[in-house]
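This report refers to the structure that appears directly beneath it.
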Amino acid sequence: MTPEAVLDEFRDAGALLQGHFILSSGLRSPIFLQKMTIFSDPARTERLCRALAAAITERFGRIDIVVSPAIGGIIPGYETARHLGARAIFVERDPGKPFQLRRGFSIPAGTRAVIVEDIVSTGLSARECLASLKDEAGEIVGAACLIDRSGGRGEIGLPLLSLAALDIPAYPADALPPELAALPAVKPGSRAIPVA
Ligand SMILES: O=P(O)(O)OC[C@H]1O[C@H](OP(=O)(O)OP(=O)(O)O)[C@H](O)[C@@H]1O
Ligand SMILES: O=C(O)c1cc(=O)[nH]c(=O)[nH]1
Ligand SMILES: [Mg+2]
């Protein structure tokens with residue numbers, strides 16, 4: 001699937017939003033990729049995750065376990081795992097606490113795991129996901145996402161592949177362009193961060 005076709009899925013679904021958004025990192029952006037609009041459509045999700053699974057196999061080889069950061073990563077992690085013939089697990093957090101594997105999930109010795117994210121903006125969530133897996137015995141071979149909007153600056157500590165790589169502006173809250181500052185800010189994601 002070409003990067004343009006990936007973006008078309010977001011455009012056609014009405015998932016490419018404009019406004020004033022508070023991102024998971026705390027940065028502000030005039031653009032938000034509302035992945036949950038995509039994931040509410042199983043056929044669209046299937047197309048994207050089939051392509052992600054193929055790219056993962058080509059880049060990383062055999063994968064036994066897909067591990068995703070909740071909440072946004074759970075559905076694409078599951079659907080990508082389905083195409084890989086792998087298991088799908090996730091890390092989650094109590095508000096304000098670090099990610100952790102719960103529910104009996106583990107990455108056993110001898111298994112090969114990949115982190116699947118929905119969107120990478122700064123790489124913070126994927127890095128935190130990786131940090132939460134440091135005591136797992138299996139190998140975390142890489143990370144993958146549908147869209148990397150970081151402009152290549154989303155450092156994760158693993159090789160990262162994406163179906164589409166973009167460079168979407170994001171600003172610290174105290175350095176907003178006037179046209180962004182004029183709009184009311186909304187925070188779509190689940191991370192607990194103070195909203196000023
Ligand atoms: O690369 P980053 O700067 O971490 O930004 C991307 C993250 O932001 C969103 O999660 P969010 O924490 O908003 O919660 P959600 O998964 O519940 O949507 C998205 O699902 C990614 O996990
Ligand atoms: O950085 C984020 O929190 C983020 C950006 C985006 O475009 N979509 C999303 O779900 N999260
Ligand atoms: Mg997330």
Side-chain angles (χ1 to χ4, degrees), residues 3 6-41 44-45 48-49 52 66-80 88-102 114-133 140 142-173 176 180 183 185-196:
V6 173
L7 274 182
D8 281 345
E9 293 281 7
F10 277 75
R11 276 193 208 101
D12 295 349
L16 191 46
L17 306 183
Q18 296 189 47
H20 179 179
F21 301 99
I22 303 174
L23 305 182
S24 185
S25 57
L27 295 175
R28 310 295 185 96
S29 180
I31 304 284
F32 193 80
L33 298 155
Q34 182 44 281
K35 71 291 174 113
M36 289 304 178
T37 303
I38 296 286
F39 302 149
S40 69
D41 180 340
R44 222 182 266 288
T45 305
L48 287 161
C49 292
L52 193 62
V66 169
V67 54
S68 297
I71 294 172
I74 293 178
I75 294 175
Y78 174 88
E79 181 63 11
T80 303
I89 65 175
F90 56 86
V91 297
E92 60 193 301
R93 62 184 153 218
D94 292 327
K97 299 265 180 63
F99 281 129
Q100 57 176 320
L101 276 182
R102 295 174 59 194
V114 67
I115 292 175
V116 167
E117 253 288 26
D118 43 319
I119 309 293
V120 166
S121 286
T122 65
L124 175 65
S125 305
R127 280 197 302 280
E128 291 176 345
C129 175
L130 179 62
S132 75
L133 304 174
I140 321 292
C145 63
L146 298 176
I147 297 184
D148 173 3
R149 51 170 288 172
S150 75
R153 295 179 293 278
E155 184 53 44
I156 284 169
L158 288 170
L160 171 68
L161 75 78
S162 65
L163 290 183
L166 307 175
D167 190 356
I168 300 181
Y171 308 92
L176 298 184
L180 197 54
L183 298 173
V186 295
K187 187 192 162 293
S190 67
R191 182 195 290 271
I193 52 174
V195 175

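Index from 1, following the sequence. Ligands are counted one by one from 1 in listed order, and the atoms in each one are counted from 1 as well. Since the structure is predicted, the reported quantities are computational estimates derived from the model, not experimental observations.
- A cation-pi contact, defined as under 6.0 Å to the ring centre and within 45° of the axis, is absent between Arg28 and Tyr171.
- For atom 13 (O) of ligand 1, the nearest protein heavy atom (residue, atom name, distance) is Gly189 CA, 3.3 Å.
- Of the protein's non-hydrogen atoms, the one nearest atom 3 (O) of ligand 1 is Thr122 OG1, 2.5 Å.
- Protein heavy atom nearest atom 17 (O) of ligand 1, with residue, atom name and distance: Ser190 OG, 2.5 Å.
- With contacts defined as side-chain heavy-atom distances shorter than 4.5 Å, the pair Leu130/Ile115 qualifies.
- Within the structure, the closest approach of Lys35 to ligand 1 falls below 4.0 Å when heavy atoms are considered.
- The shortest N or O to N or O distance between Ser25 and ligand 2 is not below 3.5 Å.
- Of all protein heavy atoms, the one lying nearest to atom 12 (O) of ligand 1 is Ser24 OG, 2.7 Å.
- Looking only at heavy atoms of the protein, atom 16 (O) of ligand 1 is closest to Gly72 N, 2.8 Å.
- Atom CZ of Phe99 sits in a crowded spot, with more than 12 heavy atoms from other residues, nucleotides or ligands closer than 6.0 Å.
- Remark: Glu155 does not engage Arg127 in a salt bridge, criterion side-chain N to carboxylate O under 4.0 Å.
- Closest protein heavy atom to atom 10 (O) of ligand 2: Lys35 NZ, 2.9 Å.
- Of the protein's non-hydrogen atoms, the one nearest atom 1 (O) of ligand 2 is Ser121 OG, 2.6 Å.
- Neither the backbone nor the side chain of Gln34 has any atom closer than 4.0 Å to an atom of ligand 2 (non-hydrogen atoms only).
- Summarising the geometry, atom CG belonging to Leu33 is positioned 4.5 Å from atom CD1 belonging to Ile119; distances are rounded to the nearest 0.5 Å.
- Using a 4.0 Å cut-off between charged nitrogen and carboxylate oxygen, Glu128 and Arg191 count as a salt-bridge pair.
- Interface atoms of ligand 1 facing Gly123, defined by a heavy-atom separation under 4.0 Å, are 1 (O), 2 (P), 3 (O).
- Taking CG of Asp148 as the start and CD of Glu117 as the end, the distance is 10.5 Å to the nearest 0.5 Å.
- Closest to atom 5 (O) of ligand 1, if we only count protein heavy atoms, is Ser121 CB, 3.5 Å.
- Leu7 has its side chain within reach of Leu166: a pair of non-hydrogen atoms, C-beta onward, lies under 4.5 Å apart.
- Remark: minimum distance from atom 4 (O) of ligand 1 to any protein heavy atom is reached at Ser125 OG, 2.6 Å.
- One side chain, Arg149 or Ser29, offers a donor N or O that lies under 3.5 Å from an acceptor on the other.
- At least one donor-acceptor pair closer than 3.5 Å links the side chain of Lys187 to the backbone N or O of Gly189.
- Under 4.0 Å from ligand 1, the heavy atoms of Asp118 that appear belong solely to its side chain.
- Not a single heavy atom of Pro69 sits under 4.0 Å from any atom of ligand 1.
- Of the protein's non-hydrogen atoms, Ile119 O, 3.2 Å is the one closest to atom 6 (C) of ligand 1.
- Ranking the protein heavy atoms by distance from atom 3 (O) of ligand 2 puts Ser24 N, 2.8 Å first.
- With hydrogens left out, the protein atom closest to atom 9 (C) of ligand 2 is Phe32 CZ, 3.1 Å, a heavy atom.
- Considering Met36, Glu117, Arg127 only, the shortest heavy-atom separation from atom 22 (O) of ligand 1 involves Glu117.
- The single protein non-hydrogen atom nearest to atom 8 (N) of ligand 2 is Leu33 O, 2.9 Å, given as residue, atom name and distance.
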